[in-house]
Amino acid sequence: MQPEGKLEEIGAFKTLEQFIIERQFTVESSTGAFSRLLRDISVAAKLVNWHMRRAGIVDVFGSTGEINVQGEVQAVMDALAHKEFVRALRRGGECCLIGSEEHSEAIPMRTADDNEGKYIVLLDPLDGSSNIEVNVSVGTIFSIYQLPEGVKEVTLDAALQPGILQVGAGYVVYGSSTILVYTTGDGVNGFTLDPSIGEFLLTHPDIRTPEDGNMYSVNEGNYESFDIGLKKHIKWMQQERADDGRPLSTRYIGSFVADFHRNLLKGGLYMYPATHKSPEGKLRLMYEANPLAYIVEQAGGLASTGSQRILEVKPTKLHQRIAVYIGSRKMVETAEAFLRGERDLDP
Ligand code: P6P
């Protein structure tokens with residue numbers, strides 16, 4: 001989707017920086033700090049994109065040999081992406097605390113005397129990084145909270161806020177192109193990176209997700225460990241009922257951001273339920289589920305644990321996991337109905 005003019009008229013597109021400043025002036029009390037924080041995040045995204053686009057050339061594949069807090073072999077790119085975001089946020093001075101998938105503890109940023117940062121950033125620097133070596137899209141996910149009023153000592157407790165209190169959230173998908181999608185509570189907008197001028201350009205204004213869809217994303221290899229309601233739901237989606245568009249199509253890339261982005265634009269449902277291997281679910285509440293839940297709700301969709309709105313879950317740990325059913329409103333509602341035992345297969 002592009003404004004009037006042809007693609008080569010790059011000047012026809014609004015840049016992310018222009019968009020951020022425009023939105024800043026709609027908030028009377030704005031000091032510009034939040035705009036600068038968003039700029040710092042976009043700078044880090046450009047740097048990660050630069051590393052990603054060289055991954056096939058420079059030896060950034062493989063592992064660092066380090067085992068991160070997730071118990072997974074840490075990809076070189078995970079470490080690079082984490083470093084770029086921490087460095088950009090430290091340099092920007094607007095962030096007082098970072099929680100990252102790549103770091104077991106929260107990272108205080110007010111080490112420098114001049115850091116009066118009042119924003120907390122929770123981050124999955126590179127989700128799905130095991131896909132890099134096979135050239136499958138991967139992504140960054142970020143969530144932003146304000147430091148609660150009156151908090152003097154910035155600790156992890158200040159970050160453990162329910163998702164409904166986020167002041168911003170977004171993701172970057174490093175795919176056939178690099179797209180940054182974010183919300184600050186006033187709709188969802190997407191920006192495509194034009195590497196020739198190093199700018200994110202507004203290519204997806206005011207994203208609204210379709211209220212229904214014909215694609216679902218789930219790892220059916222875990223079928224045996226699914227709740228009976230979910231097993232029925234999956235079989236229901238596979239029933240041949242042309243009158244209501246079934247069977248649906250399965251699209252599961254193994255990269256949450258990529259699956260989420262496709263479903264956001266086209267309509268669809270992504271599910272990562274509790275399994276025998278991941279009894280609390282696999283995805284992380286603070287820096288995967290919450291930010292994408294904020295985005296999908298702002299775009300007209302829903303995000304559920306299967307029984308509760310994700311944004312209302314009260315967090316207790318930085319790296320806590322949660323079950324996720326996220327996407328088109330009608331599809332999430334159907335999943336919840338099956339899980340409650342209110343739906344069954346068609347005769
Ligand atoms: P599984 C990647 O590791 C990730 O966190 C998500 O990006 C992805 O959707 C999911 O896990 C894939 O997990 O167990 O299906 O391989």
Side-chain angles (χ1 to χ4, degrees), residues 48 52 55 61-64 66-79 81-82 99-103 122-143 169-175 178-179 181 215-227 230-231 234 249-264 266 268-293 295-296 301 303-306 310 318-327 331-332 335:
V48 172
M52 287 293 299
F61 286 153
S63 72
T64 60
E66 301 295 321
I67 298 297
N68 67 11
V69 65
Q70 317 307 330
E72 299 152 358
V73 175
Q74 184 177 26
V76 170
M77 280 303 298
D78 282 329
H82 171 82
S100 168
E101 177 168 59
E102 296 308 319
H103 206 273
L122 300 161
L123 193 60
D124 185 355
L126 208 57
D127 176 69
S129 55
S130 56
N131 292 301
I132 293 171
E133 289 185 321
V134 292
N135 212 24
V136 165
S137 300
V138 294
T140 294
I141 312 173
F142 61 89
S143 167
Y171 63 88
V172 185
V173 53
Y174 308 97
T178 294
I179 295 181
V181 176
M215 289 181 275
Y216 70 97
S217 311
V218 68
N219 182 343
E220 296 197 41
N222 296 320
Y223 185 84
E224 271 311 302
S225 67
F226 288 163
D227 175 286
L230 176 56
K231 287 181 176 177
I234 290 172
S249 295
T250 302
R251 292 284 185 281
Y252 189 70
I253 299 179
S255 180
F256 183 24
V257 174
D259 279 320
F260 176 86
H261 183 67
R262 181 201 58 247
N263 292 347
L264 182 75
K266 304 283 188 189
L269 170 65
Y270 174 99
M271 302 184 282
Y272 207 109
T275 64
H276 294 157
K277 186 180 168 193
S278 304
E280 295 172 340
K282 178 179 183 185
L283 298 180
R284 308 291 180 169
L285 172 62
M286 296 309 290
Y287 42 77
E288 291 175 333
N290 266 338
L292 297 192
I295 287 174
V296 83
S304 169
T305 64
I310 282 179
L318 175 59
H319 300 293
Q320 75 185 72
R321 299 178 190 267
I322 193 140
V324 173
Y325 298 77
I326 189 167
M331 297 184 83
V332 175

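Counting convention: from 1, in listed order, for ligands and their atoms alike.
The shortest N or O to N or O distance between Val257 and ligand 1 is not below 3.5 Å. Considering backbone and side-chain atoms together, Asp259 places no N or O closer than 3.5 Å to any N or O of ligand 1. Checked against a 3.5 angstrom limit, the closest N/O atoms of Tyr252 and ligand 1 fall inside it. Considering both main-chain and side-chain atoms, Asp127 comes within under 3.5 Å of ligand 1 through a nitrogen or oxygen pair.
For ligand 1, the atoms closer than 4.0 angstrom to any heavy atom of Leu283 are 5 (O). Annotation for ligand 1: atoms under 4.0 Å from non-hydrogen atoms of Asn219 are 1 (P), 14 (O), 15 (O). Listed by number with element, the atoms of ligand 1 under 4.0 Å from a non-hydrogen atom of Phe256 are 6 (C), 7 (O), 8 (C), 9 (O).
Considering all non-hydrogen atoms of both residues, Gly327 and Val296 come closest at O-CG2, 3.8 Å. When all heavy atoms of Met77 and Met52 are compared, the pair lying nearest together is CE-SD, 3.4 Å.
Residues Thr140 and Tyr171 bring no donor and acceptor atom of their side chains to less than 3.5 Å of each other. If you check the side chains of Asp78 and Ser129, you find a donor sitting under 3.5 Å from an acceptor.
Scanning for side-chain contact (heavy atoms from CB on, under 4.5 Å) contacts around Arg262 gives Met215, Ser217, Arg251, Ile253, Asp259, Lys266, with sequence neighbours left out. Contacts of Asp127 classified as salt bridge (Lys or Arg N to Asp or Glu O under 4.0 Å), with partners at least two apart in sequence or in another chain: none.
Comparing Phe260, Tyr270, Tyr272 against atom 14 (O) of ligand 1, the shortest heavy-atom distance belongs to Tyr272.
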